[in-house]
Amino acid sequence: MLTKTPFTTKEKLEEIASVYPTPFHLYDEAGIRKNCENLYKAFSWNKGFREYFAVKATPNPFLMNILQEYGCGCDCSSMTELMLSKATGACGDAIMFSSNDTPPEEFKFANELGAIINLDDFTHIEVLEKTLGKLPEKLCCRYNPGGVFKISNAIMDNPGDAKYGMTTEQLFDAFAILKEKGVKEFGIHSFLASNTITNAYYPTLARTLFEVAVELKDKLGVKISFINLSGGIGIPYRPDQQPNDIFEIANGVKREYDAILGANGMGDVAIYTELGRYMLAPYGALVTRAINCKHTHKEYIGVDACAVNLMRPAMYGAYHHITVMGKENEECDHLYDVTGSLCENNDKFAIDRWLPEIDMGDLLFIHDTGAHGFSMGYNYNGKLKSAEILLKTDGSFELIRRAETPEDYFSTFDCFPIYKKIFE
Ligand SMILES: *Cc1c(COP(=O)(O)O)cnc(C)c1O
């Protein structure tokens with residue numbers, strides 16, 4: 001039987017839960033460090049390589065600081081992500097601002113921090129110039145070649161249907177105009193497929209971007225200093241999926257780099273990545289307790305977490321593997337729906353899942369929630385967001401975000417008389 005192994009034990013989870021009650025998101029420091037080290041090792045052939053962690057995936061300063069130890073920058077797309085990145089100590093070209101439908105004041109703040117601005121749209125050239133008075137010397141443009149993104153004959157995603165980026169024609173126009181307006185250094189950015197589990201995604205994307213880069217340099221005489229392959233490297237959420245091999249991915253990018261950029265006198269171009277999921281998803285878990293069982297037309301296990309703590313199953317029908325702690329070796333001979341308590345029938349962490357028999361009080365370890373987990377949370381039904389806890393390399397644990405309280409939930413009423421009544 002295919003399975004996934006939790007990064008900690010039932011005893012450790014009970015120890016943590018005795019201090020910080022369930023539900024909570026738990027992160028594995030050792031796993032985060034090892035993975036980050038490997039990413040940098042794999043791309044060490046490229047002198048300027050840098051990962052800009054996609055802050056939206058897990059906006060927690062403690063985790064961001066760990067990634068920063070390895071040289072990671074921050075990829076932001078909103079005002080608060082910029083504010084958070086600044087607070088973690090990131091500044092200048094350690095911040096990349098890749099936003100779309102951007103309010104001008106966010107361009108202004110990004111520029112004040114010295115961030116590299118990535119223009120999502122042709123019309124933003126004018127907005128940026130008006131907002132800043134003068135364009136920065138270094139700028140990046142986001143490219144969307146349209147059509148479908150294919151590897152061999154498999155369609156990976158549908159960029160032609162995505163709201164992001166400029167067309168090929170717009171990209172060339174933008175570079176020409178920006179050069180004329182005094183921009184000296186350029187970057188190209190593109191994100192064409194999400195959660196890919198094939199080692200061919202980055203190399204295929206890289207080839208497209210490298211070819212465009214050579215053409216831009218030849219036609220317009222612009223200096224391209226970096227190419228940002230953005231996010232999109234996936235993780236095996238299902239136990240039967242093969243994990244990506246970052247060394248093979250990086251070697252594939254190197255092959256294209258040497259053949260296209262190297263061969264055209266562009267061997268000094270830096271490669272940037274902007275990974276979120278790949279950096280943290282496997283190193284986080286939602287830990288929750290079974291508190292109800294219900295037998296009607298189906299067998300339901302109710303837990304103390306809900307879609308507010310992890311939205312992906314409800315939103316995309318995403319699969320998250322579940323381990324019933326302490327029952328790892330028992331037979332999965334019970335068919336359950338594992339549900340949260342929202343008044344929404346899609347609030348299910350698993351549907352028709354074979355699991356060992358679950359007793360009330362059992363701890364469930366919902367795997368791979370380290371990215372796009374906590375961060376997608378919301379407050380429907382007045383449900384509160386959970387704590388985040390770091391399981392450290394030495395086995396100790398630390399609270400890295402406290403759980404929300406009713407005071408937090410009602411805090412936007414605090415200027416009204418009703419606020420006091422709520423707590424009377
Ligand atoms: C979401 C996002 C990422 C990260 O995506 P992952 O799938 O988590 O790797 C990177 N760049 C941009 C611009 C994004 O919007």
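Keep in mind the model is a prediction, meaning the values are calculated, not measured. Residues: numbered from 1 along the sequence shown. When a ligand or atom number is given, it counts from 1 through the structure's own listing order.
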Out of all atoms in ligand 1, which are within 4.0 Å of some heavy atom of His372? Include the element for each. 6 (P), 8 (O)
Checking Tyr27 against Phe374 for the side-chain contact (heavy atoms from CB on, under 4.5 Å) test, could you report, in this order, the C-alpha distance in whole Å, the side-chain angles of both residues, the deciding distance, and whether it holds? CA-CA 11 Å; Tyr27 301 94; Phe374 179 95; 4.0 Å; yes
Out of the candidates Asn118, Asp75, Ile227, Leu229, only one should pair with His189 under the side chain to side chain contact (heavy atoms under 4.5 Å, CB included) rule; please name it. Asn118
The atoms of ligand 1 lying under 4.0 Å from a heavy atom of Arg142, numbered in the order shown, are 13 (C)
Checking Thr369 side chain against Ala285 main chain: does a donor-acceptor pair fall under 3.5 Å? yes
Under the 3.5 angstrom rule, does the side chain of Asp157 hit a backbone N or O of Phe149 as a donor-acceptor pair? no
When only distance counts, is Arg277 in polar contact with ligand 1, meaning an N/O pair under 3.5 Å? yes
For Gly276, atoms of ligand 1 separated by under 4.0 Å from a heavy atom: 4 (C), 6 (P), 8 (O), 9 (O)
Quick one: does Ala371 get within less than 4.0 Å of ligand 1, heavy atoms only? no
Classify the contact between Ala57 and ligand 1 as side chain, backbone, both or neither, using a heavy-atom distance cut-off of under 4.0 Å. neither
Numbering as shown, the atoms of ligand 1 that approach Asp75 to under 4.0 Å (heavy-atom distance): 10 (C), 11 (N), 12 (C)
Does an N or O anywhere in Lys56 fall below 3.5 Å from an N or O of ligand 1? yes
Charged N to carboxylate O below 4.0 Å: is that the case for Lys56 and Glu81? no
Atom indices of ligand 1 within 4.0 angstrom of Gly232 heavy atoms, with elements: 6 (P), 7 (O), 9 (O)
My understanding is that only one of Thr208, Thr168, Asn228 makes a side-chain hydrogen bond (donor to acceptor under 3.5 Å, both in side chains) with Tyr143; could you say which? Thr168
Any N or O of Glu274 closer than 3.5 Å to N or O of ligand 1: yes
Heavy-atom gap Asn195 to ligand 1 smaller than 4.0 Å: no
Does ligand 1 have an atom that lies less than 4.0 angstrom from a heavy atom of Phe191? yes
What I'd like to find out is whether the side chain of Thr323 reaches to under 4.5 Å of the side chain of Glu328, using heavy atoms alone. yes
With no hydrogens and no angle check, just 3.5 Å: does a side-chain donor-acceptor pair link Asp121 and Thr123? yes
